[in-house]
Enquirer: 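Here it is, the structure, as structure tokens.
The analysis underlying the following values was restricted to heavy atoms, covering all of them including side chains, and did not include hydrogens, waters or symmetry mates. Model, not experiment: these values are computed from the prediction. Indexing begins at 1, ligand by ligand and atom by atom, following the structure's order.
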Amino acid sequence: MAASTESSFDTIAFIGGGNMASAIIGGLIRQGMPAARIAVAEPWDEARAALLQAHGITALAEPGAALERARLVVWAVKPQMLRQAAAAAGSFTRHAMHLSVAAGVRSDSIAEWVGSQRVVRAMPNTPALIGRGMTALFARAAITAAERADVEQVIATTGEYLWMDDEAQLDAATALSGSGPAYVYFFLQAMTQAGSDMGLTRDQAHQLAVATFAGAAELAHRSAEPPELLRRRVTSKGGTTHAAITSMQHSRIDWHFMRALHAARDRARALGDEFGNAPSGLAELPAARS
Ligand SMILES: NC(=O)C1=CN([C@@H]2O[C@H](COP(=O)(O)OP(=O)(O)OC[C@H]3O[C@@H](n4cnc5c(N)ncnc54)[C@H](O)[C@@H]3O)[C@@H](O)[C@H]2O)C=CC1
Ligand SMILES: O=C(O)[C@@H]1CCC=N1
């Protein structure tokens, strides 16, 4: 990473130094990027202190000239803050390539706010913290193959990545992998609670549940077989798994779960509508006649 990073980016700047920025910064540092080549603008004192403690990075309290050295700027603020953050930092970052991790906000809006068409959107997830993240990526047409490769180098420090051809697919990826870790923890909570209700200690139940998720996910990752088949292997006729799966099917848990993912996808779209510019075409619609 050290050699390849030098040939790609002199400095990487982060606007916003919270959870997601910290996860990506951690990946870069683990792969050998010197902290001195990472610039962060972060207004919140506590977040700046956390960056210093975790990564040895002294973040700026507000955007400044240090950002001008960045060839890549990672926008890691909440969707509702992105327009305002771009207005404040834009004069320092105009010549860079831009990578936004904000959910929902579409690249048309971002390109307008940062004053550049060189925009990539990313949807990472929190296992990036341990280098086991999954990131969906979308590049605007102005991004070259070499620039895509540069983005890949950065994101690969946090785990796997997958390019999307259609920007709308990012909203679906947000519902699956962006929000996905929360679903896993939700089920972990339920399994741990059930275990403890059935007489295990909470520690025992937690260990059993976490190891089961980790092992089952790793098996699916390594196996060429589809989840249906892996599931059937666990399910003996008339056995315990059959009892559990039948109970879940009666409650239509799969349907409810799929509906929840649609809600997440719809919310990603709504964030784009709420905090981005109106899609081109809509803005020009004439006002309805009374
Ligand atoms: N947390 C997650 O699992 C994921 C989050 N995302 C996206 O990442 C983005 C950041 O989320 P988190 O890191 O979780 O939030 P966070 O709240 O931990 O970090 C955002 C940081 O931005 C700072 N900030 C606010 N206004 C600013 C400004 N004008 N200039 C610079 N910094 C400013 C805040 O002080 C805060 O520390 C969001 O847009 C979210 O949609 C994407 C994928 C997963
Ligand atoms: O909940 C959210 O809006 C962000 C995006 C994906 C995960 N967290």
Enquirer: Could you tell me whether a side-chain N or O of Ser251 sits under 3.5 Å from a main-chain N or O of Ser247, the two making a donor and an acceptor?
Expert: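 Such a contact is found between Ser251 side chain and Ser247 backbone.
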Enquirer: Hey, what polar pairs (N/O, under 3.5 Å) does ligand 1 make with protein?
Expert:
residue, atom, partner, partner atom, Å
ligand 1, 13 (O), Asn19, N, 3.2
ligand 1, 13 (O), Met20, N, 2.8
ligand 1, 15 (O), Lys78, NZ, 3.3
ligand 1, 18 (O), Asn19, N, 2.9
ligand 1, 18 (O), Asn19, ND2, 3.2
ligand 1, 32 (N), Gly16, N, 3.4
ligand 1, 35 (O), Glu42, OE2, 2.6
ligand 1, 37 (O), Glu42, OE1, 2.7
ligand 1, 37 (O), Glu42, OE2, 3.2
ligand 1, 39 (O), Val77, O, 2.6
ligand 1, 41 (O), Ala103, N, 3.0

Enquirer: Got a donor-acceptor contact below 3.5 angstrom from the Arg48 side chain to the Glu42 backbone?
Expert: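 Between the backbone of Glu42 and the side chain of Arg48 there is a qualifying donor-acceptor contact (under 3.5 Å).
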Enquirer: How would you list, by chain and number, every residue that makes a side-chain contact (heavy atoms from CB on, under 4.5 Å) with Arg83, sequence neighbours excluded?
Expert: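 Per chain and number, Arg83 pairs via side-chain contact (heavy atoms from CB on, under 4.5 Å) with Trp113, Asn277.
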Enquirer: In the protein, what heavy atom is nearest to atom 8 (N) of ligand 2, and what distance, to one decimal place, separates them?
Expert: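 It is Gly178 O, 4.6 Å.
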Enquirer: Just by distance, do the side chain of Glu167 and the backbone of Ser107 share a donor-acceptor pair under 3.5 Å?
Expert: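 Side chain of Glu167 to backbone of Ser107, a donor-acceptor pair under 3.5 Å: yes, one is there.
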Enquirer: So, Asn125 side chain and Ser177 main chain: donor-acceptor pair closer than 3.5 Å or not?
Expert: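 Checked: pair present.
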Enquirer: Considering only protein heavy atoms, which is closest to atom 4 (C) of ligand 2, and at what distance to one decimal place?
Expert: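 For this ligand atom, the closest protein heavy atom is Ala103 CB, 4.7 Å.
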Enquirer: Among all protein heavy atoms, pick the one closest to atom 1 (O) of ligand 2 and tell me residue, atom and distance.
Expert: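 The protein heavy atom lying closest is Ser179 OG, 4.5 Å.
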Enquirer: Output the distance between atom CD1 (Ile25) and atom CE (Met20), rounded to the nearest 0.5 Å.
Expert: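 Answer rounded to 0.5 Å: 12.0 Å.
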Enquirer: Could you check whether any side-chain N or O of His98 sits under 3.5 Å from a backbone N or O of Ala96, counting only pairs where one atom can act as donor and the other as acceptor?
Expert: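 Yes.
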